[in-house]
Amino acid sequence: MHRPTYAEPILSWYTEHARDLPWRRPDASPWAVLVSEIMLQQTPVSRVLPAYEAWLTRWPTPAALAAEPPGEAVRAWGRLGYPRRALNLHASARAIVDRHDGQVPPAYDDLRALPGVGAYTAAAVASFAYRQRHAVLDTNVRRVLARMVTGVEYPPKTQTAGEVRLAESLLPPDAETAATWGVAVMELGALVCTARTPRCADCPVIASCAWRLAGKPPYDGPARKGQTYAGTDRQCRGRLLAVLRHASGPVERAALDDAWDDVRQRERALASLIEDGLIDPLDDGRFTLPR
DNA sequence: AAGTCGTGGTG
DNA sequence: TCACCAAGACT
């Protein structure tokens, strides 16, 4: 099946409009790229930037992080959200030291085997850090391809095999070009082909965009899932963990009791945080970040 | 395979 | 204002 060639206009657009992000600089190590990718999972660039700089200053290598207790990673994670990512990054650092001689592995399968590294993140590190040819299919790329190629406003709620095949079919044959193509499509989705209000006037492929050519039909699929937060277990977990992050050492149960009113919910949240390894109960009844 | 897991910015 | 969204992973 013949498709218009999207690569040249998008690559040219990227050359001109790419943001200067620290993890894209030539001196960014594979470890720096991995750290950025984990932090960027569901968290906007603007909030990641300061945490990323502080993290890499303190832990410039996997070995540096691996030498610390996991609780230090959780504390340094701050308010990035989804704190199990901090635990995953710490566990990945230790696995990298143990299994890969302290070097972030270049092989996709080895990356994918690290905790918290799924299909997207493994492809991103292999592509961006090691310049290999992998389809990087994140929320931005999925949206761009849905519009540009498929002609619909939004991709399906859950990623399909068809989307993977499509992304792979569009990959430039040359590895170095493919690596740039991946980050370029992501950037296009982040800056121009945005979810809410796409800036079609600034789009380098407006002429061949299937969604525009179809008259920009609105999304007609099932309602997208809402993410209520206030009053949820997630908010409760966040409050409890914040108490631990702000404390210099172990805290009394009373300090946690003060952080959330509903007793049942608080106990459930605390149990799940302990189960997840984000909080350790001590023999004396106090609680601490994992050591 | 649909739910769960944080937090904050924004149209 | 408030529902939606943000470089997902895991179960």
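Just so it is clear: chains get the letters A, B, ... in the order the sequence lines come, proteins before strands, and each one is counted from 1.
Checked by distance alone, Arg234(A) brings no side-chain donor or acceptor within 3.5 Å of a matching partner on the base of dT7(B). Put simply, the side chain of Arg196(A) and the base of dC5(C) share no donor and acceptor less than 3.5 Å apart. No hydrogens or angles were tested; on distance alone, nothing pairs the side chain of Thr43(A) with the base of dG8(B) as donor and acceptor under 3.5 Å.
Between Tyr82(A) atom OH and dG6(B) atom C1' the separation is 6 Å, expressed in whole Å. The nearest whole Å value for the distance from the CZ atom in Arg85(A) to the P atom in dA6(C) is 15 Å. Atom CG in Asp233(A) sits about 13 Å away from atom P in dT7(B), given to the nearest Å. The distance between atom CG of Leu21(A) and atom P of dA6(C), rounded to the nearest whole Å, is 16 Å. Rounded to an integer number of Å, the gap from Met39(A) CE to dG8(C) C1' is 15 Å. Across the protein-nucleic acid pair, Leu89(A) atom CG and dG8(C) atom P stand 16 Å apart, rounded to whole Å. To the nearest angstrom, C1' of dG8(C) lies 9 Å from CD1 of Ile38(A). Across the protein-nucleic acid pair, Leu273(A) atom CG and dC5(B) atom P stand 10 Å apart, rounded to whole Å.
The nucleotide whose nearest atom lies closest to any side-chain atom of Arg47(A) is, among dT7(B), dA7(C), dC10(C), dT7(B). Picking from dA6(C), dG6(B), dT7(B) the nucleotide with the shortest atom distance to the side chain of Arg143(A) gives dA6(C). Considering only the side chain of Tyr120(A), dA7(C) comes nearest among dC5(C), dT7(B), dA7(C). Among the nucleotides dC5(B), dA6(C), dG8(C), the one closest to any side-chain atom of Asp138(A) is dG8(C). For Trp23(A), counting side-chain heavy atoms from C-beta on, the closest listed nucleotide (dG6(B), dT7(B), dA7(C)) is dA7(C).
Residue Gly118(A) is in sugar-phosphate contact alone, with no base atom involved, counting any heavy-atom pair closer than 4.0 Å across all strands shown. Among the protein residues, Leu80(A) comes within range of the nucleic acid bases, having at least one heavy atom under 4.0 Å from a base atom. Ser36(A) comes within 4.0 angstrom of nothing in the nucleic acid, heavy atoms only. Across all strands, Arg112(A) comes closer than 4.0 Å only to sugar-phosphate atoms, never to a base (heavy-atom distances). Note on Trp77(A): nothing from the nucleic acid sits closer than 4.0 angstrom, heavy atoms only. Within the 4.0 angstrom heavy-atom criterion, only backbone atoms of the sugar-phosphate kind lie near Ala195(A); the bases stay farther away.
Tyr120(A) and Tyr154(A) fall into different hydrophobic clusters, defined by Ile, Leu, Val, Met, Phe, Trp and Tyr side-chain heavy atoms under 4.5 Å apart, directly or through other members.
Taking atom C1' on both nucleotides, dA1(B) is separated from dA6(C) by 22 Å, rounded to a whole Å. Rounded to a whole angstrom, the distance from the P atom of dT4(B) to that of dA7(C) is 23 Å. For the P atom pair drawn from dG6(B) and dT11(C), the interatomic distance equals 14 Å after rounding to whole Å.
Under the 3.5 Å distance criterion, with hydrogens and angles disregarded, no donor-acceptor pair is assigned to the side chains of Arg237(A) and Thr232(A). Side-chain polar atoms of Thr43(A) and Arg85(A) form a donor-acceptor pair below 3.5 angstrom.
A 6.0 Å sphere centred on CG of Asp284(A) holds more than 12 heavy atoms belonging to other residues, nucleotides or ligands. The neighbour count for Glu267(A) CD, taken as heavy atoms of other residues, nucleotides or ligands under 6.0 Å away, is above 12.
Comparing Pro44(A) and Arg84(A) against DNA chain B, the residue whose closest nucleotide sits nearer the 5' end is Arg84(A). Each of Glu37(A) and Pro115(A) lies near DNA chain C, and the nucleotide nearest Glu37(A) is the one positioned closer to the 5' end.
Looking at heavy atoms from C-beta onward, Val104(A) lies in side-chain contact with Tyr130(A) at the 4.5 angstrom threshold.
One finds a side-chain N or O of Arg79(A) lying less than 4.0 angstrom from the OP1 or OP2 phosphate oxygen of dG8(B). Note on Thr121(A): a side-chain N or O is less than 4.0 Å away from OP1 or OP2 of dA9(C). OP1 or OP2 of dT7(B) has at least one side-chain nitrogen or oxygen of Tyr229(A) nearer than 4.0 Å. Contact between the side-chain N/O atoms of Gln42(A) and the OP1/OP2 oxygens of dG8(C) is found at a separation under 4.0 Å.
By the 30° and 60° cut-offs, the orientation of the rings of Tyr52(A) relative to Trp23(A) is perpendicular.
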